[in-house]
There are 2 protein chains.
Amino acid sequence: MKEKELRRSLAVLPIGTVMKLTSLTARQIRYYEAQQLVFPERNEGNRRMYSLNDVDRLLEIKDYLADGVNVAGIKAIYDQQQQVAQAKAAAQQKPLTDEDVRRILQDEFIRQGGLGHPAPGMQRPL
Amino acid sequence: MKEKELRRSLAVLPIGTVMKLTSLTARQIRYYEAQQLVFPERNEGNRRMYSLNDVDRLLEIKDYLADGVNVAGIKAIYDQQQQVAQAKAAAQQKPLTDEDVRRILQDEFIRQGGLGHPAPGMQRPL
DNA sequence: CATTCATGTCAGATAATCTAACATCGGCGT
DNA sequence: ACGCCGATGTTAGATTATCTGACATGAATG
């Protein structure tokens with residue numbers, strides 16, 4: 001399943017396509033980037049280029065906002081997810097301490113509740 | 001698996017992206033379209049928009065050309081494939097006659113030999 | 001050698017995207 | 001009520017990407 005990940009993270013979509021796929025305006029998409037919720041790449045001509053993962057994330061952001069979570073809240077969520085991911089990556093280097101395990105598990109349980117939002121690592125079709 | 005097909009046939013890529021994914025020039029891509037080997041859609045502004053299936057097909061075309069098959073030959077191949085597809089579709093309507101069966105089977109066997117080209121319906125990992 | 005096929009290249013026009021700035025609008029605290 | 005702030009709309013001017021159409025080229029081939 002390594003190929004699939006690569007495909008989904010390839011930055012191949014211009015913002016116009018992303019607008020259609022997400023029903024967001026260019027203004028919104030750029031604003032979420034300014035708020036560090038998404039990180040599109042840039043092509044040689046400085047145009048933003050998005051991956052399918054980026055589209056997924058934008059749809060997720062849309063859901064969160066519709067549920068009343070504000071941008072700062074969403075950012076906090078993603079920041080935490082990144083910490084978990086880093087912890088997991090580090091865990092593959094050196095075996096983790098008991099405290100690490102506790103922190104990671106706690107983080108994941110925290111994210112369990114909520115409003116029907118996808119658990120971290122879940123991705124929707126397309 | 002209906003979703004996957006839909007995804008792969010969604011026209012979301014501009015020609016610049018397709019150029020990178022296929023290592024073809026815009027000139028080549030447009031020429032293959034003029035020769036009816038690919039059929040990109042157009043957006044509201046008349047820009048060509050390609051699907052992942054289109055990218056697959058372009059890579060296939062590249063392989064055929066590298067093997068010495070010329071554009072007319074490739075077109076003939078694709079025309080036949082389309083006939084087969086139509087026959088199969090029709091077969092779901094009314095049961096097919098013996099002659100139909102013979103023609104279809106013959107078509108498929110013809111495509112068996114060759115130079116290591118993908119059988120019809122095969123798709124490479126993008 | 002003249003053609004044809006596949007591709008390169010160029011020019012002029014149009015579309016898409018960029019940044020930066022200012023406008024709007026709803027909620028919220030004072 | 002007033003003013004602030006977060007999220008989004010809108011506009012202008014500049015830049016990049018893509019379009020069509022034409023002409024050029026290099027290799028193969030009769």
Side-chain angles (χ1 to χ4, degrees), chain A residues 10-52 54-55 57-79 115 117, chain B residues 10-52 54-55 57-79 115 117:
Chain A
L10 251 188
V12 293
L13 309 174
I15 201 171
T17 293
V18 176
M19 290 172 63
K20 288 176 189 158
L21 293 178
T22 62
S23 301
L24 293 169
T25 65
R27 182 69 166 91
Q28 289 175 303
I29 296 170
R30 296 197 195 104
Y31 179 68
Y32 302 152
E33 176 185 0
Q35 304 306 312
Q36 317 237 53
L37 297 184
V38 279
F39 307 91
E41 300 185 8
R42 299 289 183 122
N43 69 5
E44 319 74 52
N46 197 39
R47 264 76 186 136
R48 291 173 179 82
M49 297 299 290
Y50 298 83
S51 70
L52 288 177
D54 290 330
V55 172
R57 173 161 285 212
L58 286 168
L59 289 170
E60 224 177 85
I61 292 168
K62 213 180 147 191
D63 286 349
Y64 277 124
L65 288 173
D67 281 344
V69 181
N70 66 10
V71 165
I74 300 171
K75 177 149 175 33
I77 291 169
Y78 288 149
D79 284 352
L115 308 117
H117 287 299
Chain B
L10 251 189
V12 294
L13 310 172
I15 201 171
T17 293
V18 176
M19 291 173 62
K20 289 176 188 157
L21 293 178
T22 61
S23 300
L24 293 169
T25 65
R27 183 67 167 93
Q28 289 175 302
I29 297 170
R30 296 196 196 105
Y31 179 69
Y32 302 151
E33 176 186 359
Q35 304 306 311
Q36 317 237 53
L37 296 185
V38 279
F39 307 92
E41 300 185 9
R42 299 291 183 120
N43 68 5
E44 319 73 52
N46 197 39
R47 264 72 187 140
R48 291 172 178 81
M49 297 299 289
Y50 298 83
S51 69
L52 290 178
D54 290 330
V55 172
R57 173 161 285 213
L58 286 168
L59 289 170
E60 225 178 84
I61 292 168
K62 214 179 148 191
D63 286 349
Y64 277 125
L65 288 173
D67 281 345
V69 181
N70 66 12
V71 165
I74 300 171
K75 176 150 175 29
I77 290 168
Y78 287 148
D79 283 352
L115 309 118
H117 287 298

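Naming convention: chains lettered A, B, ... in sequence-line order (proteins, then strands); numbering from 1 in each chain.
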ask   = Looking only at heavy atoms, which two atoms of B:Val12 and A:Pro14 are closest? And how far apart?
value = O-CD, 4.0 Å
Return the value, rounded to whole Å, for the distance between atom [atom1] of [X] and atom [atom2] of [N].
X       : N      : atom1 : atom2 : value
A:Met19 : D:dT8  : CE    : P     : 13 Å
B:Lys62 : C:dT7  : NZ    : P     : 11 Å
B:Arg47 : D:dT16 : CZ    : C1'   : 11 Å
B:Lys75 : C:dA6  : NZ    : P     : 13 Å
B:Met49 : D:dA17 : CE    : C1'   : 12 Å

task = With side chain to side chain contact (heavy atoms under 4.5 Å, CB included) as the test, would you mind laying out the steps for B:Leu10 and A:Leu21 before giving the verdict?
result = CA-CA 10 Å; B:Leu10 251 189; A:Leu21 293 178; 4.2 Å; yes
ask   = Yes or no on salt bridge (charged side-chain N to carboxylate O under 4.0 Å, His left out) for A:Glu33 and A:Arg42, after CA distance, side-chain angles and deciding distance?
value = CA-CA 12 Å; A:Glu33 176 185 0; A:Arg42 299 289 183 122; 3.8 Å; yes
Between [options], which one does the side chain of [X] approach most closely?
X       : options               : result
B:Asn46 : C:dT17, C:dG8, D:dT20 : D:dT20
A:Ile15 : C:dC18, C:dA6, D:dG9  : C:dC18
B:Leu65 : C:dT7, D:dT18, D:dA7  : C:dT7
A:Arg42 : D:dC19, C:dC18, D:dA7 : C:dC18

ask   = Are B:Leu65 and B:Tyr32 close enough, and set up right, to give a side chain to side chain contact (heavy atoms under 4.5 Å, CB included), and what steps lead you there?
value = CA-CA 11 Å; B:Leu65 288 173; B:Tyr32 302 151; 3.1 Å; yes
Proximity to DNA chain C (any heavy atom under 4.0 Å), residues of residues 27-40 of chain B only = B:Arg27, B:Gln28, B:Tyr31, B:Tyr32
key: 5' priority, DNA chain D, between A:Ala72 and A:Gly45 [closest heavy atom]   = A:Ala72
query = Cation-pi between B:Arg57 and B:Tyr78: NZ/CZ under 6.0 Å from ring centre and within 45° of the ring axis?
reply = yes
task = Return yes when atom CD of B:Gln35 has more than 12 non-hydrogen atoms of other residues, nucleotides or ligands closer than 6.0 Å, and no otherwise.
result = yes
query = OP1, OP2 of C:dC18 versus side-chain N and O of A:Arg48: anything below 4.0 Å?
reply = yes
inquiry  = If you assign B:Glu44 and B:Ala26 each to the DNA chain C nucleotide with the nearest heavy atom, which residue ends up on the more 5' nucleotide?
reply    = B:Ala26
